[in-house]
Protein chains: 2
Amino acid sequence: MCKVLKMAGRPSQFEQSEVLKAAADLFWSRGYASTSAEDLLQVMGMGKGSFYHAFGSKRALFEKVLDQFEHPRIGELKAALASGQPPLEAIKIFFRSMALEPAQIKRNGCFMGNTISELSNMDSGLSDAASLRLQALERFFAHLLDQARAAGTLKNPSPSVILARYLINLWNGLNITRRMYPDPKALQDLIALQLTLID
Amino acid sequence: MCKVLKMAGRPSQFEQSEVLKAAADLFWSRGYASTSAEDLLQVMGMGKGSFYHAFGSKRALFEKVLDQFEHPRIGELKAALASGQPPLEAIKIFFRSMALEPAQIKRNGCFMGNTISELSNMDSGLSDAASLRLQALERFFAHLLDQARAAGTLKNPSPSVILARYLINLWNGLNITRRMYPDPKALQDLIALQLTLID
DNA sequence: TATATTCTTTACCGGTTGGTACAAATTTAT
DNA sequence: ATAAATTTGTACCAACCGGTAAAGAATATA
């Protein structure tokens with residue numbers, strides 16, 4: 001179980017976090033059904049035996065990827081907060097930056113939203129797991145909004161829970177709308193308008 | 001070509017609009033990749049020969065479905081407008097009703113949004129076709145907002161084009177967020193908050 | 001060295017995939 | 001009746017699907 005303790009048996013030639021990252025990127029861009037086990041083997045750089053020995057099945061791997069995935073932009077948001085940026089400003093920058101990314105990135109959308117979209121009628125277990133991740137992000141937004149309110153920078157009197165749901169809905173929407181309009185200009189006005197609610 | 005003129009040859013035993021509707025419902029609930037040609041044959045009630053003779057391929061059928069599809073709620077909106085309902089009120093009722101539908105309906109989401117989500121990295125032709133349909137809906141919203149503005153019922157001074165994009169983004173977002181929260185109450189407050197922008 | 005344990009390689013599997021070929025069936029026009 | 005045109009049913013296809021089995025390779029412990 002423990003990786004630092006020396007275990008009997010042949011050591012594995014791959015690093016769990018590395019191959020999981022590779023699998024996540026492929027699932028993210030192609031979705032579940034359109035990503036074949038063969039495709040996964042290739043980007044993960046492992047043989048069929050190792051793959052099924054380590055992860056059990058394509059579905060089990062997808063579950064694991066869902067659990068460990070974090071969207072790069074969310075990572076940046078957390079980093080900005082950790083370096084002292086005020087919560088409300090960090091949120092605004094987070095959403096404004098969604099207009100500016102290259103089209104190739106925009107086309108991937110949100111892994112969790114994609115999963116809900118693809119699998120809500122096909123595999124409620126996976127779809128629910130994705131929902132839970134987005135709900136966690138929503139709670140994180142609510143927490144930041146509470147901080148901003150305490151600091152007096154948030155004027156909107158609506159409950160943080162509702163405003164956080166508004167932000168998640170903005171995230172969900174933009175990850176579709178971004179793919180309709182790769183052009184940043186088409187999105188900047190929209191995002192500015194949306195952010196007036198937490199001005 | 002023309003259906004009313006009698007053509008030589010065996011008459012087809014299916015009605016185009018009927019089988020197209022059946023195919024649309026299946027594509028809508030399962031997406032493109034997870035809907036097999038075999039599945040389609042069954043719900044369309046036709047044999048393999050007829051199917052490929054009439055539609056050429058699964059992809060060509062999907063294209064045709066994308067072109068003719070109209071979301072039932074959009075149909076209701078147009079009907080309400082045709083029967084004299086004021087544009088702005090019709091829009092508000094349209095979005096408020098999204099909270100109330102049964103979970104089974106909510107799980108389908110928006111066929112165009114689903115298509116963008118699934119295929120933007122897999123088949124830009126189909127994804128773009130879905131985008132165009134949503135852009136047409138956006139123009140329709142803009143038209144209604146212009147009417148409301150002319151009637152003096154829309155106070156928000158933002159350009160109709162931007163507000164319409166806001167509404168499309170609301171639609172796109174809700175069709176994901178609805179699947180996170182099948183419970184109407186979780187959605188009603190969100191929708192009410194969102195609609196304050198066109199109050 | 002022997003043994004237990006774990007990972008890797010490779011060959012293989014039945015089922016499903018989207019699609020084709022073609023003859024039979026059914027119609028209209030001559 | 002015959003020919004031309006169109007649709008239908010069926011048999012068939014190679015390619016791909018996710019997954020398994022088994023034997024060998026590499027490590028730790030005794």
Side-chain angles (χ1 to χ4, degrees), chain A residues 1-20 22-24 26-27 29-66 115 118-119 122-123 125-126, chain B residues 1-20 22-24 26-27 29-66 115 118-119 122-123 125-126:
Chain A
M1 288 298 176
C2 190
K3 265 294 183 177
V4 284
L5 256 59
K6 301 233 170 181
M7 300 286 291
R10 181 174 178 172
S12 59
Q13 294 174 337
F14 63 91
E15 203 158 346
Q16 175 106 348
S17 65
E18 265 180 32
V19 298
L20 235 38
L26 200 63
F27 276 135
S29 75
R30 299 194 189 173
Y32 181 73
S34 294
T35 300
S36 73
E38 220 71 45
D39 294 333
L40 289 165
L41 296 185
Q42 197 168 343
V43 300
M44 297 166 85
M46 53 199 304
K48 212 153 215 188
S50 309
F51 177 89
Y52 281 99
H53 173 71
F55 299 108
S57 69
K58 173 181 160 184
R59 189 184 183 280
L61 172 65
F62 193 84
E63 264 189 302
K64 195 156 220 168
V65 165
L66 272 183
T115 299
E118 180 185 1
L119 299 179
M122 305 294 295
D123 189 322
L126 297 179
Chain B
M1 285 300 176
C2 190
K3 265 292 182 178
V4 284
L5 254 62
K6 300 232 170 179
M7 301 285 291
R10 181 174 176 171
S12 58
Q13 294 175 338
F14 63 90
E15 205 159 348
Q16 175 104 348
S17 65
E18 265 180 32
V19 299
L20 236 38
L26 200 63
F27 275 134
S29 75
R30 299 195 190 173
Y32 182 72
S34 294
T35 301
S36 73
E38 220 70 46
D39 292 334
L40 289 165
L41 296 186
Q42 198 168 342
V43 301
M44 298 168 85
M46 54 198 304
K48 212 154 215 188
S50 308
F51 177 87
Y52 280 99
H53 173 72
F55 299 109
S57 70
K58 174 182 160 182
R59 188 183 183 282
L61 172 64
F62 193 84
E63 264 188 301
K64 195 155 220 168
V65 164
L66 272 182
T115 299
E118 180 185 1
L119 298 179
M122 305 295 294
D123 189 321
L126 298 179

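Order of the sequence lines sets the chain letters (A, B, ...), proteins ahead of strands, with each chain counted from 1. Given the structure is predicted, the values throughout are model-derived calculations rather than measurements.
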Quiz item: In B/S/- notation, 5' to 3', how is nucleotides 25-30 of chain C contacted by protein heavy atoms closer than 4.0 Å?
Solution: BBBS--

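- Relative to the side chain of A:Tyr52, the nucleotides C:dG19, D:dT20, C:dT9 differ in distance, and D:dT20 lies closest.
- With hydrogens and angles ignored, a donor-acceptor pair under 3.5 angstrom links the side chain of B:Lys48 to the base of C:dG19.
- A cation-pi arrangement, defined by a distance under 6.0 Å to the six-membered ring centre and an angle within 45 degrees of its axis, is present between B:Lys58 and B:Tyr32.
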Quiz item: Do A:Phe14 and A:Met44 pass the side chain to side chain contact (heavy atoms under 4.5 Å, CB included) test, and can you show the C-alpha distance, the side-chain angles, and the key distance before you say yes or no?
Solution: CA-CA 9 Å; A:Phe14 63 91; A:Met44 297 166 85; over 6 Å; no

Quiz prompt | Test log, rule side chain to side chain contact (heavy atoms under 4.5 Å, CB included), inputs B:Phe55 and B:Val19 | solution = CA-CA 11 Å; B:Phe55 299 109; B:Val19 299; 4.0 Å; yes

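- The main-chain N or O of B:Gly31 is never found under 3.5 Å from a side-chain atom of A:Glu118 such that the two would form a donor-acceptor pair.
- Closest non-hydrogen pair, A:Val43 versus A:Leu26, comes out as CG2-CD2, 4.0 Å.
- Spacing between atom CZ of A:Phe51 and atom P of D:dC17 amounts to 13 Å, rounded to whole angstrom units.
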Quiz item: Between A:Lys48 and A:Glu38, is a side chain to side chain contact (heavy atoms under 4.5 Å, CB included) present by the stated rule, with each step listed?
Solution: CA-CA 8 Å; A:Lys48 212 153 215 188; A:Glu38 220 71 45; 3.4 Å; yes

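- Residues from residues 29-42 of chain A placing a heavy atom under 4.0 Å of any atom in DNA chain D, listed by number, are A:Thr35, A:Ser36, A:Ala37.
- The stretch residues 56-66 of chain B touches DNA chain C through B:Ser57, B:Lys58, each having a heavy atom within less than 4.0 Å of the strand.
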